[in-house]
*Asks:* 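After the structure tokens below, expect a handful of questions from me.
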Amino acid sequence: MANAGAIVLQDLFARFGQRQLAGPLLILAILAMMVLPLPPFVLDLFFTFNIAISVIVMLVAMSVMKPLDFSVFPTVLLVTTLLRLSLNVASTRIVLLEGHTGPGAAGQVIEAFGHFLVGGNYAVGLVVFTILVIINFVVITKGAGRVAEVAARFTLDAMPGKQMAIDADLNAGLIGEDEARKRRATIAEEADFFGSMDGASKFVRGDAVAGILIMLINVVGGLFVGVLQHDMDIAAAAKTYTLLTIGDGLVAQIPALIISIAAGMVVTRVGDDQDVSQQFIAQLFKNPRLIFLSAGIIGLLGLIPGMPNFVFLLLAGVLGAIAWRIEKGERVAAPLPVAAAPVAARETQEASWADVTALDILGLEVGYRLIPLVDKAQDGELLRRIRGIRKKFAQEVGFLVSPVHIRDNLELKPNAYKILLKGVEIGDGEAFPGNLLAINPGRVAGEVPGTVTKDPAYGLPAVWIEMALREQAQAYGYTVVDASTVTATHLNQLILSHAAELLGRQETQALLDHLAKEMPKLVEDVVPKLLTLGVFQKVLRNLLEEGVSLRDMRTIIETLAEAAPRSQDAEVLTAHLRIALGRSIAQELFPGGAEMQVMSLDPQLERILLQALGGGGDGASIEPGLADTLLREAVAAAQRQEEVGLPTVLLVPGNLRTLLSRFLRRSIPHLKVLAHGEVPENRTIKVTSIIGGKV
């Protein structure tokens, strides 16, 4: 039989592995302790194992950087609680069965806790046990449970704001899809963790209550067993069974107290760059002057007659020595000031062509308080974000934008910045390092204190808040971002809206050189054989002006190769390209196979506009009264589209598309005008409103 059992165990270990079997075997052992009688030596082993596990859990809780690093903690709480309860059942059985034989009947661990820790005095033991239970139940467990409950509620309330912040970073090119997926998973894990901790804390509180009841039951049961079954006198039975019960209770409650302390440490963690010990030392002993002051106060108390002078003066001396060591270390770490080298006087030189500097295509000027965000020596966060913006722009738009030249400008406000295109300011704003911008997406549950402002990128109402208010703002539904993200998002929005101006001849030639590596013959046949570089650039800029990506350059080159022999006009070529790119344009506006819900023109208005074109000439103009009515109705229809969450798309005949797009673009920046020929054949069209019915 023994060999058969060994073979079965070997087969189990081979199938599942030791780690997979550790959990089930531990649970089976816990359940077995509740049913099977255990000898005193085995009971000592399990009590010692319980103490060791509680110490390990507390040390792990102190060393983790953030709560999710110990995500299994709620399950550990449940398992350790079951272990303590099963040990209580096993020890109760052996105490009541063998307690009359002497204090060592339940093992040496219970005997040591019952005699050594409380001096063999069961009255003292009762008091110590009661105090431990009160500390665990009323203070530590209740506080940790309340913190876990509040953290779970605020984490769930903050999830929408955190998700929007991740989407904003993803759209701005600051993070990739994998990083966004990882952050979303972390947010979900946080909510699950604090919810589990809220429930697991109830196990610990129940364990404390069970400890009190088990002690009372054991004392009363021991008196009955000792007096009625073993003919002991009441005093001897009370002393024997009460000491054994107290030892049993203490050996279970001390690990429970350690586990409760570990739970409190995990749920009260703030910050994730240091463990508890590092935070404790770094923040409590940060200022030597305060420690000197504390040493002086303790020293003065030590000089009062009747006080334990030696103890107070000794502690004052220790604190003074610690403060002196900290201050000495700060003086050694502080860099010595370096004298500036004298600037040699230079003679005035004649002007030369070296004094003529070209304008930067893209520029960012910052006030002096924003310099750390763009300082290479300090690994400025904004520098990394700008690199991410350029990379995402190249991937989504289809060409590499010029580098952003950054310089400080002392004429700006300390927290101000401005963005320039070819030396001309196209945007400005303010950012406050060390603070956060809470953006109101339109459905927040409350207000947070701070400096009211507007999001510089999209003009949404926002508030600059302190770092400590991040969780509160996210719980209310705000999208919370830091100063570097605010500036980077604004820059990204302006780069996208000025993409056509950023595509100069140099960038166009660089794009052609890149394409020539993959399809050299096709590129050579189009530019310069069929089209000049200037016409090719103009066609691409026409696409960019209306938000059409250049990623599908193969289709663009092939379409131009077919259309260029018949026409060299950039507008005609652009119309051909838009038809060829119709699927991608429709996909961008209406993702997937969604129904295309668009606005349209009244047939009578279409005829009037076609007559104004006079057969398609570019010099056509719209009569002022008609233009005013058309613009007013288009704005109203676009607002209705936006209110129901639909893209503002106007579907018109191909001859009218260019005219209406240029006419309406200034008043309705987000309006997209599509020609009938640009709609893919497999797409369904639904007209949501008619423009011009009152003309």
Side-chain angles (χ1 to χ4, degrees), residues 51-70 73 116-117 128 131-132 134-136 138-144 146-148 151 253-339 372 377-379 433-435 466-471:
I51 296 172
I53 282 291
S54 64
V55 173
I56 292 172
V57 169
M58 185 180 69
L59 293 178
V60 172
M62 293 179 63
S63 64
V64 296
M65 296 295 184
K66 51 188 177 181
L68 284 184
D69 291 341
F70 200 9
F73 191 50
F116 178 72
L117 293 184
V128 172
I131 291 174
L132 284 176
I134 291 173
I135 291 173
N136 189 12
V138 178
V139 182
I140 299 176
T141 304
K142 186 175 182 180
R146 178 59 177 163
V147 172
Q253 281 304 312
I254 289 177
L257 182 63
I258 295 174
I259 291 288
S260 299
I261 293 172
M265 286 182 177
V266 170
V267 297
T268 55
R269 289 275 295 140
V270 177
D272 57 1
D273 56 344
Q274 293 177 321
D275 60 32
V276 173
S277 301
Q278 292 172 324
Q279 287 183 327
F280 187 86
I281 298 297
Q283 297 180 25
L284 195 60
F285 298 99
K286 181 179 181 180
N287 194 334
R289 288 176 294 180
L290 299 180
I291 304 176
F292 272 127
L293 182 61
S294 302
I297 294 172
I298 297 297
L300 289 175
L301 291 175
L303 297 176
I304 298 175
M307 296 290 287
N309 308 96
F310 175 75
V311 175
F312 275 81
L313 293 176
L314 177 63
L315 184 57
V318 172
L319 289 175
I322 292 174
W324 178 77
R325 290 288 301 273
I326 295 173
E327 190 175 41
K328 181 180 177 182
E330 289 181 352
R331 286 199 301 267
V332 172
L336 296 175
V338 180
Q378 301 181 45
D379 192 24
N435 287 11
E466 297 179 356
M467 288 283 188
L469 298 176
R470 176 195 289 268
E471 298 293 337

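Side chains included, hydrogens not; waters and symmetry mates left out as well; all remaining heavy atoms used. None of the values given here were measured: they were computed from a predicted structure.
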*Asks:* Going by the rule side-chain contact (heavy atoms from CB on, under 4.5 Å), which residues pair with V57 if we only count those two or more places apart in sequence or in a different chain?
*Replies:* I53, F70, F73, V76, I259, A262
*Asks:* How close do W324 and F292 get, counting heavy atoms only, and between which atoms?
*Replies:*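 Closest approach of W324 to F292: N-CZ, 3.7 Å.
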*Asks:* What's the spacing between L303 CG and I298 CD1 if we round to 0.5 Å?
*Replies:* 11.5 Å
*Asks:* Apply side chain to side chain contact (heavy atoms under 4.5 Å, CB included) to residues V311 and L314 and explain how you reach the verdict.
*Replies:* CA-CA 5 Å; V311 175; L314 177 63; 5.8 Å; no
*Asks:* Taking all non-hydrogen atoms of both residues, which atom of I291 and which atom of L319 are closest, and how far apart?
*Replies:*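 It is CG2-O, 3.4 Å.
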*Asks:* Quick one: closest heavy-atom pair of G320 and A295, and the distance?
*Replies:*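 Result for this residue pair: N-CB, 3.7 Å.
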*Asks:* Hey, what do you get for CD1 (I56) to CD1 (I51), rounding to the nearest 0.5 Å?
*Replies:*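 Separation between the atoms: 12.0 Å.
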